[in-house]
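First the structure, which I've put down as structure tokens, then a few questions once you've had a look.
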There are 2 protein chains.
Amino acid sequence: MLTIGQLARYVGVSTKTVRVYHAKGLLPEPERDSSGYRRYPAQAVVELVKIRMLADAGVPLARIRELASAPEQLDSALQQLDADLTTRIKLLRDTQRRLRKLAAGDIRYLPEEVERHLDGLPGLGFTQRWIAMERDLWIIVYATHPDIADTWFQDQTQALTNPELRQLYLACDQAHDLDPADPSLTELADRIVAASIHRYGAEPPGQAADATIAELLQSTVNASSPALRQLDSLIRNGLEAGGFTLRTGAG
Amino acid sequence: MLTIGQLARYVGVSTKTVRVYHAKGLLPEPERDSSGYRRYPAQAVVELVKIRMLADAGVPLARIRELASAPEQLDSALQQLDADLTTRIKLLRDTQRRLRKLAAGDIRYLPEEVERHLDGLPGLGFTQRWIAMERDLWIIVYATHPDIADTWFQDQTQALTNPELRQLYLACDQAHDLDPADPSLTELADRIVAASIHRYGAEPPGQAADATIAELLQSTVNASSPALRQLDSLIRNGLEAGGFTLRTGAG
DNA sequence: CTTGACCTTGCCCCAAGGGCAATGTCGCAC
DNA sequence: GTGCGACATTGCCCTTGGGGCAAGGTCAAG
């Protein structure tokens, strides 16, 4: 018959841990000897080892107690657990990979080429306000989606080489302070819808890649002015009327 | 400028998490707008992403704060962290392997061959008390050290085929109720020391393999009777006097 | 007889947030 | 302008899996 300390040392846990398992109903309380000490049979070692195996695998103690009293669930639970462990190992490896990237090239706010792009915008007629907003958006994109950010950026720089598209961007910039009811917003929205369909066809970029980040970016733009918010709304209506269904959010 | 909810959604955390990071000094509190709402610059997304990378890797928030204010430690911390992740991945894989073994062959208290061995002991003259104790010891060994348990067990069954050794084991069994001062204990200890040296030479088995489990087992035996405790003490003295140094514990 | 190692219960403490309450503020629709 | 739903604010308590301490009782050894 073992004392609580012997039991704990056999299994490599603290006596406190054993007492917690008693309190949570994971391990039945053993008999007490004449002085009130807990006295464990050797089988308790086996039970405790099993509990620790599950706990080490990350099973919450409450769940372990359930499994102890419902052994018929054990098989499927172990399968589930095996799959969980596999995904957790994969997640850890992903984290390790990203961490190494952080260690290798210390993360800057923006790649140099993006900074150069932004530096060129005043010469094209964009306001400082617009450039500051665009800068913020790129910072967010590169921080949260470094994998697709470069693709987006290439698309954007290429669009600005087209004079018509550039005019549309400049018009958006200028629209910042318009009244939301201004009819020129409707006209601008129509032109944007047409250009968008022409440029991207049925599959606007980024939206397929990651709809939620596009949503978030748009909400940031919208927050900057009521006119731009209205413009966004008009563009959405226009795209839907043109046969597009914006697959945002759950879509 | 982002609200706390936008910032949190960009990075995939809850607003509560962001506020906790403020409270713990991980992320500086941003400016407030006219109604008291926090307003974040885009750079906050980058900072929050960095914090999450470290937190996902298991770095405590207090440590992250230290690193934020002492960037010169960052490099070595990242190296340390990389090593930690590697070992944690390995531990998870070990757990997974053991878990699969549990799933495959549901753990019994004892392998069948051990049960057969125990069933044969009464015919050799061992008392039920001794057999019960031995059974408990095997349960513990198989539960805590399944890798070396079979080796130990083979050694034990083989020893019992030797009539002289069997007599020694039987004598130990009988010694249970002797007075600790009984001189026959000294004699028995001498014979055990001699037989042990003869059988195992300079390297008693199991002790080299795992000294601590042997210690724990012996303490369990000792707890069963003062005479056996005394016998253990005499044997240790005898082995040391015979040129052996028990490398227990830290050894 | 003391000393050190063990056991008992009970209590408070930690990280990293989750959840609720009570209140204030937005933007939109009627 | 009124109401509604979504969002923000602070403050407080709750959770998990124990760690640590206090104040006492027990045990074997010198």
Side-chain angles (χ1 to χ4, degrees), chain A residues 1-9 11-27 29-40 48 51-52 54-65 180-181 216 219-220 222-230 232-233 249, chain B residues 1-9 11-27 29-40 48 51-52 54-66 180-181 216 219-220 222-230 232-233:
Chain A
M1 301 295 274
L2 310 169
T3 67
I4 193 172
Q6 289 176 317
L7 171 65
R9 277 192 296 273
V11 183
V13 300
S14 69
T15 59
K16 173 74 167 212
T17 298
V18 177
R19 279 192 273 257
V20 167
Y21 291 173
H22 288 318
K24 306 220 170 191
L26 275 162
L27 195 61
E29 282 273 4
E31 312 262 290
R32 306 295 183 113
D33 68 12
S34 59
S35 55
Y37 290 13
R38 294 178 178 84
R39 287 297 177 161
Y40 296 86
L48 189 48
I51 292 174
R52 284 308 310 175
L54 293 173
D56 286 342
V59 182
L61 299 192
R63 177 73 178 139
I64 297 179
R65 184 187 50 209
L216 284 168
S219 79
T220 302
N222 290 350
S224 72
S225 116
L228 291 184
R229 186 159 41 235
Q230 173 67 7
D232 178 41
S233 172
Chain B
M1 300 296 273
L2 310 169
T3 67
I4 194 172
Q6 289 175 319
L7 171 65
R9 277 192 296 274
V11 182
V13 300
S14 69
T15 60
K16 173 75 168 209
T17 299
V18 176
R19 279 192 272 258
V20 167
Y21 290 173
H22 288 319
K24 305 220 173 194
L26 275 159
L27 196 60
E29 283 272 6
E31 311 263 292
R32 306 295 182 114
D33 66 12
S34 60
S35 55
Y37 289 12
R38 294 177 179 83
R39 288 295 177 161
Y40 296 87
L48 189 48
I51 292 174
R52 285 306 311 173
L54 293 172
D56 286 342
V59 181
L61 300 193
R63 177 72 179 138
I64 296 179
R65 184 187 47 208
E66 287 177 25
L216 285 168
S219 80
T220 302
N222 290 351
S224 71
S225 118
L228 290 184
R229 186 159 43 235
Q230 173 66 7
D232 178 42
S233 171

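Numbers restart at 1 for each chain; the letters A, B, ... are given by sequence-line order, proteins then strands. Please read all numbers here as calculations on a predicted model, not as lab measurements.
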Determine, for nucleotides 10-25 of chain C in 5'-to-3' order, which nucleotides have protein heavy atoms under 4.0 Å from the base (write B), from only the sugar-phosphate (write S), or from neither (write -).
-> -B----SSBB----BB
Partner residues of B:T3 under the side chain to side chain contact (heavy atoms under 4.5 Å, CB included) criterion, sequence neighbours left out = B:Q6, B:R39
Name all residues meeting the side chain to side chain contact (heavy atoms under 4.5 Å, CB included) criterion together with B:R63; count only those two or more places apart in sequence or in a different chain, and write none if there are none.
-> B:V59, B:P60, B:E66, B:L67, B:Q73, B:A77
To the nearest angstrom, how far is A:L228 atom CG from C:dG27 atom P?
-> 14 Å
How would you label the contact of A:R32 with the nucleic acid (heavy atoms, under 4.0 Å): base, sugar-phosphate, or nothing?
-> sugar-phosphate
Using a 4.0 Å heavy-atom cut-off across all strands, classify B:R19 as base, sugar-phosphate, or nothing.
-> base
Identify the heavy atoms of A:Q230 and A:P180 that sit nearest to each other, and give their distance.
-> CG-O, 3.2 Å
Which pair of non-hydrogen atoms, one from B:L27 and one from B:V18, has the smallest distance, and what is that distance?
-> CD2-CG1, 4.2 Å
Excluding sequence neighbours, so at least two apart, what forms side chain to side chain donor-acceptor pair (under 3.5 Å) with B:S14?
-> B:T17
Side chain to side chain donor-acceptor pair (under 3.5 Å) partner of A:Y21, chosen from A:R52, A:E29, A:K16, A:R65 | A:R52
What is the minimum heavy-atom distance between A:I64 and A:L26, and which atoms define it?
-> CG2-CD2, 3.2 Å
Would you say B:E31 and B:M1 make side-chain contact, with heavy atoms under 4.5 Å?
-> no
At the 4.0 Å heavy-atom cut-off to chain B, mark where contacts on DNA chain D begin and end, going 5' to 3'.
-> D:dC7 to D:dA29
Can you give me the N/O atom pairs linking the protein to nucleotides 28-30 of chain C at distances under 3.5 Å, or say none if there are none?
none

A:A55 versus A:L61, closest heavy-atom pair with distance = CB-CD2, 4.4 Å
Any idea which heavy atoms bring A:L228 and A:S225 closest together, and the distance?
-> N-OG, 3.0 Å
Any A:T3 side-chain nitrogen or oxygen under 4.0 Å from OP1 or OP2 of C:dC7 = yes
